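Just so it is clear, the structure is predicted and the values come from calculations on it, not from any experiment. Below, chains carry the letters A, B, ... as their sequence lines are ordered, and counting in each starts from 1.
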Protein chains: 2
Amino acid sequence: MLDAAAELALEGAWGTGVDGIAARAGVSRTTVYKWWPSSAAVLLEGLLERTRGTIESTPSATTREALAGYLTALVIVVRDSPAGALLRGLTAASVADPVVGRALIVDWLAPRRGAVVRLLIEGVRRGEVRPGLDYEVVADVLFAPIYYRLMYEHQPLTDRLAEQIMTVSWPGIAAVDATTESTRITK
Amino acid sequence: MLDAAAELALEGAWGTGVDGIAARAGVSRTTVYKWWPSSAAVLLEGLLERTRGTIESTPSATTREALAGYLTALVIVVRDSPAGALLRGLTAASVADPVVGRALIVDWLAPRRGAVVRLLIEGVRRGEVRPGLDYEVVADVLFAPIYYRLMYEHQPLTDRLAEQIMTVSWPGIAAVDATTESTRITK
DNA sequence: CATATACTGTACATCGTGTCCAGTAATTCG
DNA sequence: CGAATTACTGGACACGATGTACAGTATATG
């Protein structure tokens with residue numbers, strides 16, 4: 001049953017409604033409602049199912065590289081897989097449906113923000129990240145531009161975006177005495 | 001007629017649909033459709049009408065102060081006026097309706113991004129801002145956290161948010177030889 | 001006075017949502 | 001083996017919102 005949800009999510013089945021989902025899954029309309037409260041819930045579950053492996057960060061030499069890699073991976077997921085369209089749709093649905101909104105925060109945003117916060121804390125320990133920062137704000141600054149471009153499409157989600165975000169934000173994140181780092185970034 | 005639209009926008013008339021808008025404006029359903037293609041179009045026009053004065057930046061001593069002030073003003077508008085709820089709704093609508101999306105970019109986002117880019121260019125001229133930055137990316141990093149919090153509400157739009165965004169991002173925006181500035185920010 | 005323009009109000013077709021219900025198939029349990 | 005539970009079917013229906021059509025009314029303009 002979860003297979004169907006995951007399958008549907010990756011088919012980019014947005015805008016089809018419950019009817020479309022039921023038809024695509026080969027089950028009855030009623031059956032869908034038996035297990036999920038809305039089409040958004042089905043697709044969110046499918047999305048989460050298919051993106052389980054994209055939460056944890058891959059090991060990197062430096063904190064900066066780890067963060068850049070993490071953001072790059074996110075850009076690629078939301079741009080090159082149906083996850084992006086799904087996220088756009090779910091975000092739109094979350095405006096009218098608080099339950100979807102909570103689920104998006106808890107099951108999609110929070111785990112990823114948590115991974116970045118862990119990287120930052122580890123970075124502080126290693127002396128690469130400035131202590132005393134508000135990690136929530138740093139997570140916002142790093143992640144938000146990606147979702148911003150995903151939602152409004154005023155600018156494309158390029159391959160370089162993650163690195164560009166780092167270029168602007170890293171000097172404010174890096175430990176101040178790490179002159180080597182910040183100078184290298186600077187130019 | 002524009003009065004009605006503006007009035008409605010500031011009543012926080014989201015989710016009422018065309019019927020609700022017509023009723024609130026004291027006109028007939030049909031009349032609304034005569035002038036606007038959708039309820040989103042009405043509310044967007046009303047929103048723009050009532051926020052005309054919030055695009056240009058107020059003069060400030062330094063570029064950093066100007067940017068911080070600009071972001072603070074935006075936070076206050078989207079948090080303390082119906083503009084926030086309206087923007088959330090319009091953003092949601094833009095996912096399904098590309099016309100609304102374009103209008104949002106052209107009439108809401110772009111003017112504000114343009115104002116920030118002008119501040120940045122002026123800052124470069126004054127030697128306060130690092131040359132060679134991608135202004136679009138800087139605008140994303142500065143604005144995106146606000147819209148991100150507006151949309152997902154995973155964290156509140158606090159009074160301090162604008163300053164916190166500046167704390168993280170300014171060191172990467174400031175001219176490198178402006179040691180006074182960047183050191184002051186640092187701690 | 002005649003005409004164009006704007007507005008009214010109702011009716012109607014359409015679509016997606018969510019619920020209800022009677023009937024069926026398969027599984028589990030006594 | 002028979003009975004009860006559980007899951008699924010598919011059709012009907014109520015509801016709300018969208019968008020269009022149309023005949024009629026008010027008002028201003030020439």
Spell out protein contact along nucleotides 10-17 of chain C as letters: B when the base is contacted, S when just the sugar-phosphate is, - when no protein heavy atom is under 4.0 Å; keep the 5' to 3' order.
-> B------B

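With hydrophobic clusters built from ILVMFWY side chains whose heavy atoms lie under 4.5 angstrom apart, A:Val106 does not share a cluster with B:Tyr152. Follow the hydrophobic side-chain contacts under 4.5 Å out from B:Leu133 and you reach A:Leu71 in the same cluster.
Between the two ends of the helix from C:dC1-D:dG30 to C:dG30-D:dC1, each summarised by a five-pair axis, the helix axis turns through 10° (rounded to 10 degrees).
When heavy atoms are screened at a 4.0 angstrom cut-off, A:Gly26 is found touching the sugar-phosphate backbone but no base atom.
As a whole-Å value, the separation of B:Lys34 NZ from D:dC22 C1' is 12 Å.
Counting non-hydrogen atoms of neighbouring residues, nucleotides and ligands closer than 6.0 angstrom, the CZ atom of B:Arg126 exceeds 12 such neighbours.
One finds a salt bridge joining B:Glu163 and B:Arg64 here, because a Lys/Arg side-chain nitrogen approaches an Asp/Glu carboxylate oxygen to under 4.0 Å. Using a 4.0 Å cut-off between charged side-chain N and carboxylate O, A:Glu7 and A:Arg24 make a salt bridge.
A close approach under 4.0 Å does occur between a side-chain nitrogen or oxygen of A:Thr31 and OP1 or OP2 of D:dT9. Residue A:Trp35 places no side-chain N or O under 4.0 Å from the OP1 or OP2 atom of D:dA7.
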What pairs of donor and acceptor atoms, side-chain ones from residues 136-145 of chain A against any protein atom, are under 3.5 angstrom apart with sequence neighbours left out?
| residue | atom | partner | partner atom | Å |
| --- | --- | --- | --- | --- |
| A:Glu136 | OE1 | A:Arg113 | NH2 | 2.7 |
| A:Glu136 | OE1 | B:Gln155 | NE2 | 3.4 |
| A:Asp140 | OD1 | A:Arg113 | NH1 | 2.6 |
| A:Asp140 | OD1 | A:Arg113 | NH2 | 3.2 |
| A:Asp140 | OD1 | B:His154 | NE2 | 2.9 |
| A:Asp140 | OD2 | B:Arg149 | NE | 2.4 |
| A:Asp140 | OD2 | B:Arg149 | NH2 | 2.6 |

Take A:Leu157 and A:Val78, measure what side chain to side chain contact (heavy atoms under 4.5 Å, CB included) needs, and give me the verdict at the end.
-> CA-CA 9 Å; A:Leu157 286 160; A:Val78 301; 3.9 Å; yes

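Using a 3.5 Å distance cut-off with no hydrogens or angles, the side chains of A:Glu65 and A:Ser60 do not pair a donor with an acceptor.
A search for salt bridge (Lys or Arg N to Asp or Glu O under 4.0 Å) contacts involving A:Arg102 returns nothing, not counting sequence neighbours. By the salt bridge (Lys or Arg N to Asp or Glu O under 4.0 Å) test, B:Arg118 is found to be paired with B:Glu56, residues two or more places apart in sequence or in another chain being considered.
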Atom pairs, N/O to N/O, protein against nucleotides 24-28 of chain C, distance under 3.5 Å?
none

